Visitor: 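Please read through the structure below; I'll follow up with questions.
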Amino acid sequence: MLLTPRSQAPRPHGPRPGTAARFRRPARRLKATALLASAVSVCLLAASSPPAPLGIGDRLYPDLGNPGYDVQSYNLSFTYPGTNSKPLQAVTTINASTTTDLARLNLDFAHGKVESVQVNGEPATFTSAGDDLVVTPARPLPRGTWTRITVRHTSDPVAAKDQDAGWVRTEDGLAMANQADAAHLVFPCNDHPSDKALFTIRITAPNDYTAVANGLPTGVERDAKSTTWTYRTRHPMATELTQVSVGRSTVLHRTGPHHLPVRDVVPTKDVKELEPWLAKTPDQIAWMESKVGHYPFETYGLLMAEASTGFELETQTLSLFERDLFTGHTYPKWYVESIMVHELSHQWFGDSVSPQTWSDLWLNEGHATWYEALYAEEVGHKPMETRMKAAYAASDGWRAAGGPPAAPKAPDPGQKISIFRPNVYDGAALALYALRQEIGRPAFERLERSWVNLHRDGTATTADFERLASRISGRDLSGFFEGWLYGKKTPPMPGHPDRKPAAPGAKAAKSAK
């Protein structure tokens with residue numbers, strides 16, 4: 001996610017924020033096991049305790065995710081009624097394997113009406129507890145059971161009072177923005193990035209609409225009044241990266257590196273105006289591949305939404321952008337292109353390699369900001385050094401306001417996306433700049449390529465990144481990372497002992513223009 005600045009003076013980011021690979025289920029990590037241990041113990045008592053929201057104990061979103069099962073795939077079906085002010089009829093089917101004995105199980109789901117639930121083809125009872133749907137199957141589920149859960153429900157695009165994500169209502173339909181904890185406002189799920197799964201998505205809409213979703217199309221069925229589109233991912237995906245677009249849109253096709261299919265979804269009336277921007281994507285993919293290796297998914301493209309979201313979002317294989325970023329003529333060309341690269345780089349950092357916990361968010365946003373700034377330097381001729389000097393001056397203030405990069409403060413009350421603060425954007429990119437200074441450019445570039453290759457299609461932690469950096473550099477970097485990622489104060493910059501953060505209360509330096 002990148003939050004779009006709203007002033008006339010552009011800045012590199014605001015204070016808000018090839019070929020298909022065979023699917024490999026990444027091995028479970030010890031840290032994930034520890035995170036789930038206490039939650040699983042809750043599961044074992046579920047039969048004798050009242051229904052309650054669970055969660056897997058994420059430090060920033062403790063109620064997200066659910067213990068006791070591992071989702072392998074989602075099958076989502078939405079029927080769009082022809083207006084974005086009425087609920088969609090929906091069916092969510094989840095295929096999962098149980099990781100402990102379950103008398104009942106929790107799904108994350110809110111802001112929709114549940115009509116029925118089946119577990120393995122048999123009716124199940126259900127109730128709500130907080131933002132959880134608590135399901136009691138007709139018979140207990142032993143550990144190691146392959147389980148199918150089918151929920152018939154509505155999905156309401158009209159935002160609840162405290163909802164700042166989920167369905168996005170556009171001028172002509174809908175799109176999705178589920179980061180960080182809003183997929184469960186759209187469909188029942190295990191709404192945490194540590195549990196990635198394959199997705200099949202079906203959307204039925206009136207014939208004068210076009211529907212697009214993550215992955216590649218696998219079929220189109222038409223009748224006299226409506227059309228059903230089916231899309232399927234070839235790689236596992238976190239729930240927060242799901243995308244569905246319904247609108248009066250045109251899908252534009254082109255070819256990227258290695259014959260990669262690139263498809264863009266734009267309002268039909270804006271095709272001519274937006275085409276020059278969209279034509280830049282294949283070269284941007286090639287630029288990113290020159291830095292970190294082969295593009296990790298089966299397709300890519302931009303979804304241009306005629307909506308005011310205040311952010312751009314890296315939904316997997318189809319990044320969400322506000323149309324006005326490209327048509328408003330507010331920002332210079334180099335800046336808009338660098339934002340395109342920010343979301344593109346997330347396909348490697350955040351989508352293919354997803355955070356094991358939300359405290360690992362800096363691995364997503366810090367890297368995306370890094371490549372955004374590097375592109376601005378190499379293509380837009382905006383020096384990285386200037387931006388990093390400004391970030392260093394502001395860093396202590398960012399840490400005080402939002403926490404260190406790898407230990408961000410919890411979201412503000414009622415503002416779930418407020419973890420997206422400058423500390424995990426330019427503050428985290430500054431830590432990567434310091435790391436490059438510390439270990440040298442060749443080792444840093446090997447680290448970046450190794451990181452996305454080693455953890456492709458999986459999840460990873462800050463500790464994983466620290467260990468890999470130490471191994472590739474040939475020395476223990478634990479002291480370096482302790483200060484740069486967890487310290488309350490910004491450490492001295494390697495190679496630049498003259499640089500100092502701004503004094504407390506001083507006005508932060510502006511980012512490079």
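Side-chain atoms are counted along with the backbone in the values below, which use heavy atoms only and exclude waters and symmetry mates. Just so we're clear, the structure is a prediction, and the values are computed from it rather than from any experiment.
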Visitor: Roughly how far apart are M176 CE and N214 CG, rounded to 0.5 Å?
Guide: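 Nearest 0.5 Å value for the CE-CG distance: 8.5 Å.
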Visitor: Taking the side chain from T459 and the backbone from S194, do they hold a donor-acceptor pair closer than 3.5 Å?
Guide: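 Here the side-chain-to-backbone pair does not exist.
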Visitor: Looking only at non-hydrogen atoms, find the nearest pair between Y295 and I285 and report the distance.
Guide: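 Closest approach of Y295 to I285, heavy atoms only: CB-CG2, 4.2 Å.
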Visitor: Verify whether one side chain among D70 and S97 offers a donor that lies under 3.5 Å from an acceptor in the other.
Guide: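 Judged by distance alone, the side chains do not pair up.
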Visitor: Testing the basics here: between A124 and P137, what is the closest heavy-atom pair and its distance to 0.1 Å?
Guide: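 That closest heavy-atom pairing would be CB-CA, 3.9 Å.
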Visitor: Under a 3.5 Å distance rule, please check whether T92 uses its side chain to pair with a backbone N or O of V151 as donor and acceptor.
Guide: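 No: the side chain of T92 does not pair with the backbone of V151.
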Visitor: CH2/W277 to CG/D270 distance, rounded to the nearest 0.5 angstrom?
Guide: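 Reported value, rounded in 0.5 Å steps: 14.0 Å.
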Visitor: Does the N95 side chain pair with the main chain of R148, one donor and one acceptor, at a distance under 3.5 Å?
Guide: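 No: the side chain of N95 does not pair with the backbone of R148.
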Visitor: Quick check: do R421 and D412 have side-chain heavy atoms less than 4.5 Å from each other?
Guide: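 A side-chain contact under 4.5 Å exists here.
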Visitor: Could you report the tightest heavy-atom contact between P261 and T299, atom names first, then the distance?
Guide: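 Heavy atoms only, the tightest pair is O-OG1, 2.6 Å.
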Visitor: Where does the angle between the aromatic ring planes of H258 and H294 fall among parallel (under 30°), tilted (30 to 60°) and perpendicular (over 60°)?
Guide: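 Answer is parallel, since the angle falls under 30°.
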Visitor: Salt bridge check, K291 against E378: does any charged N sit closer than 4.0 Å to a carboxylate O?
Guide: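 Yes, charged N to carboxylate O under 4.0 Å.
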Visitor: Side chains of M288 and Y375: closer than 4.5 Å at any heavy-atom pair?
Guide: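 No, every pair of side-chain atoms sits at 4.5 Å or beyond.
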Visitor: Is a side-chain N or O of E372 found less than 3.5 angstrom from the main chain of I339, in a donor-acceptor match?
Guide: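 Between the backbone of I339 and the side chain of E372 there is no qualifying donor-acceptor contact (under 3.5 Å).
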Visitor: Which heavy atom of A175 sits nearest to which heavy atom of L320, and what is that distance?
Guide: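 Closest approach of A175 to L320, heavy atoms only: CB-CD1, 4.2 Å.
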Visitor: For S249, does its backbone N or O pair with a side-chain atom of T210 as donor and acceptor, under 3.5 Å?
Guide: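 Present.
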Visitor: Once salt bridge (Lys or Arg N to Asp or Glu O under 4.0 Å) is applied, what residue pairs with a partner in residues 117-128 remain, sequence neighbours excluded?
Guide: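 Qualifying pairs: E122-R139.
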Visitor: Determine, stepwise, if the pair F321 / V266 fulfils side chain to side chain contact (heavy atoms under 4.5 Å, CB included).
Guide: CA-CA 10 Å; F321 286 85; V266 301; over 6 Å; no
Visitor: Is there a side chain to side chain contact (heavy atoms under 4.5 Å, CB included) between S352 and F297? Walk through the geometry before answering.
Guide: CA-CA 8 Å; S352 179; F297 297 124; 3.8 Å; yes
Visitor: Testing the 3.5 Å rule here: is there a donor-acceptor pair between the side chains of S226 and D223?
Guide: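 Result is yes, a qualifying pair exists.
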Visitor: Side chains of L107 and Y69: does their closest heavy-atom pair fall under 4.5 Å?
Guide: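 In contact.
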Visitor: Side-chain donor-acceptor pair under 3.5 Å between H342 and E365, yes or no?
Guide: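 A donor-acceptor contact under 3.5 Å links the two side chains.
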Visitor: Among all residues two or more places apart in sequence or in another chain, which pass the salt bridge (Lys or Arg N to Asp or Glu O under 4.0 Å) test with D208?
Guide: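 Once residues adjacent in sequence are excluded, the partners of D208 under the salt bridge (Lys or Arg N to Asp or Glu O under 4.0 Å) criterion are R248.
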Visitor: After noting the C-alpha distance and the side-chain angles of D108 and N66, does the key distance pass the side chain to side chain contact (heavy atoms under 4.5 Å, CB included) rule?
Guide: CA-CA 8 Å; D108 298 305; N66 290 287; 3.3 Å; yes
Visitor: Holding to side chain to side chain contact (heavy atoms under 4.5 Å, CB included), I want the full list of residues that pass it with T268, two or more places apart in sequence or in another chain.
Guide: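 Residues passing side chain to side chain contact (heavy atoms under 4.5 Å, CB included) with T268: T250.
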Visitor: Do M340 and L302 have side chains that get closer than 4.5 Å, going by heavy atoms?
Guide: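 A side-chain contact exists here, since the closest heavy-atom pair is under 4.5 Å.
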Visitor: Between R323 and P267, what is the shortest heavy-atom contact and its length?
Guide: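 Nearest heavy atoms, R323 then P267: CD-CG, 4.3 Å.
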Visitor: Would D457 and K196 pass as an ion pair if we require N to O under 4.0 Å?
Guide: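 Between K196 and D457 there is no salt bridge, as every charged N stays at least 4.0 Å from the carboxylate O atoms.
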Visitor: N84: which residues meet the side-chain hydrogen bond (donor to acceptor under 3.5 Å, both in side chains) condition with it, sequence neighbours left out?
Guide: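 Scan of N84 (side-chain hydrogen bond (donor to acceptor under 3.5 Å, both in side chains), adjacent residues dropped) gives none.
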Visitor: Please, which pairs that meet salt bridge (Lys or Arg N to Asp or Glu O under 4.0 Å) have at least one residue in residues 327-351, sequence neighbours excluded?
Guide: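 Counting only pairs at least two positions apart or across chains, the salt bridge (Lys or Arg N to Asp or Glu O under 4.0 Å) contacts touching residues 327-351 are K280-E337, K333-E337.
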Visitor: Below 6.0 angstrom between ring centroids: does that apply to F78 and W167?
Guide: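 Yes, the ring centres sit under 6.0 Å apart.
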Visitor: Starting at CG of N120, measure out to OG1 of T150 and round the result to the nearest 0.5 Å.
Guide: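 That separation rounds to 9.0 Å.
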Visitor: Apply side-chain hydrogen bond (donor to acceptor under 3.5 Å, both in side chains) to Y300 and list each qualifying residue two or more places apart in sequence or on a separate chain.
Guide: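 Checked Y300 against side-chain hydrogen bond (donor to acceptor under 3.5 Å, both in side chains); matches are S319.
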Visitor: Is the closest side-chain heavy-atom distance between V134 and N106 below 4.5 Å?
Guide: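 Of all side-chain heavy-atom pairs linking N106 with V134, at least one is under 4.5 Å.
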Visitor: Using side-chain hydrogen bond (donor to acceptor under 3.5 Å, both in side chains) as the criterion, list what pairs up with E314, not counting sequence neighbours.
Guide: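 side-chain hydrogen bond (donor to acceptor under 3.5 Å, both in side chains) check on E314 returns Q179.
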Visitor: Short question: side chain of D58, backbone of W358 - any donor-acceptor pair under 3.5 Å?
Guide: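 Flag set: sc D58 to bb W358 pair under 3.5 Å.
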Visitor: List in chain and number order the residues that pass salt bridge (Lys or Arg N to Asp or Glu O under 4.0 Å) with E273, two or more places apart in sequence or in another chain; answer none if no residue qualifies.
Guide: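 Here no residue qualifies.
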Visitor: Treating R59 as the side-chain partner and P408 as the backbone partner, does any N or O pair qualify as donor plus acceptor under 3.5 Å?
Guide: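 Side chain of R59 to backbone of P408, a donor-acceptor pair under 3.5 Å: yes, one is there.
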Visitor: Could you check whether W370 and E448, counting side-chain N and O atoms only, form a donor-acceptor pair closer than 3.5 Å?
Guide: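 Side-chain D/A pair, E448 to W370: absent.
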Visitor: Hey, what do you get for CG (L278) to CZ (R263), rounding to the nearest 0.5 Å?
Guide: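 Result: 12.5 Å between the selected atoms.
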Visitor: Check the pair W348, L344 against side chain to side chain contact (heavy atoms under 4.5 Å, CB included), reporting the backbone distance first and the verdict last.
Guide: CA-CA 8 Å; W348 285 263; L344 170 62; 4.0 Å; yes
Visitor: Is there a donor-acceptor pair under 3.5 Å between the side chain of D131 and the backbone N or O of H111?
Guide: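 Checked: no pair found.
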Visitor: Is it true that, when you exclude R152 itself, more than 12 heavy atoms of the residues, nucleotides or ligands shown sit nearer than 6.0 Å to its CZ?
Guide: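 Not buried by this count: 12 neighbours or fewer within 6.0 Å.
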Visitor: How would you list, by chain and number, every residue that makes a side chain to side chain contact (heavy atoms under 4.5 Å, CB included) with R232, sequence neighbours excluded?
Guide: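 Side chain to side chain contact (heavy atoms under 4.5 Å, CB included) check on R232 returns T200, R202, T218.
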Visitor: In terms of the angle between their ring planes, are F349 and Y371 parallel, tilted or perpendicular, with boundaries placed at 30° and 60°?
Guide: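 Ring orientation of F349 relative to Y371: parallel.
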Visitor: Does D132 have any salt bridge (Lys or Arg N to Asp or Glu O under 4.0 Å) partners at least two apart in sequence or in another chain, and if so, which?
Guide: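 Expected list: none.
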Visitor: Report the residues that fulfil side-chain hydrogen bond (donor to acceptor under 3.5 Å, both in side chains) with T204, sequence neighbours left out, ordered by chain and then residue number.
Guide: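 Partners of T204 by the side-chain hydrogen bond (donor to acceptor under 3.5 Å, both in side chains) criterion, ordered by chain and then number, come out as T228.
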Visitor: Could you tell me whether the side chains of T83 and S85 share a donor-acceptor contact shorter than 3.5 Å?
Guide: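 Distance-only check passes for T83 and S85.
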Visitor: Where is the tightest heavy-atom contact between D191 and A182, given as atom of each residue plus distance?
Guide: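 Scanning both residues, the minimum pair turns out to be OD2-N, 3.7 Å.
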Visitor: Ignoring hydrogens and geometry, is there a side-chain-to-backbone donor-acceptor pair from E240 to A183 under 3.5 Å?
Guide: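 Absent.
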Visitor: Within a strict 4.5 Å, meaning less than it, do heavy atoms of the Y74 and M237 side chains meet?
Guide: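 Side chain of Y74 against side chain of M237, heavy atoms only: no contact under 4.5 Å found.
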Visitor: Do L318 and V212 have side-chain heavy atoms sitting under 4.5 Å apart?
Guide: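 The answer is yes, as the side chains (C-beta and beyond) meet within the 4.5 Å cut-off.
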Visitor: Under the salt bridge (Lys or Arg N to Asp or Glu O under 4.0 Å) test, which residues partner K86, sequence neighbours left out?
Guide: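 Listed in chain order: nothing, the list is empty.
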Visitor: Any side-chain heavy atom of H184 within less than 4.5 Å of one from L64?
Guide: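 Result yes, sub-4.5 Å side-chain heavy-atom pair found.
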Visitor: When you measure from the side chain of H367 to the backbone N and O of L363, does any donor-acceptor pair fall under 3.5 Å?
Guide: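 Between the backbone of L363 and the side chain of H367 there is a qualifying donor-acceptor contact (under 3.5 Å).
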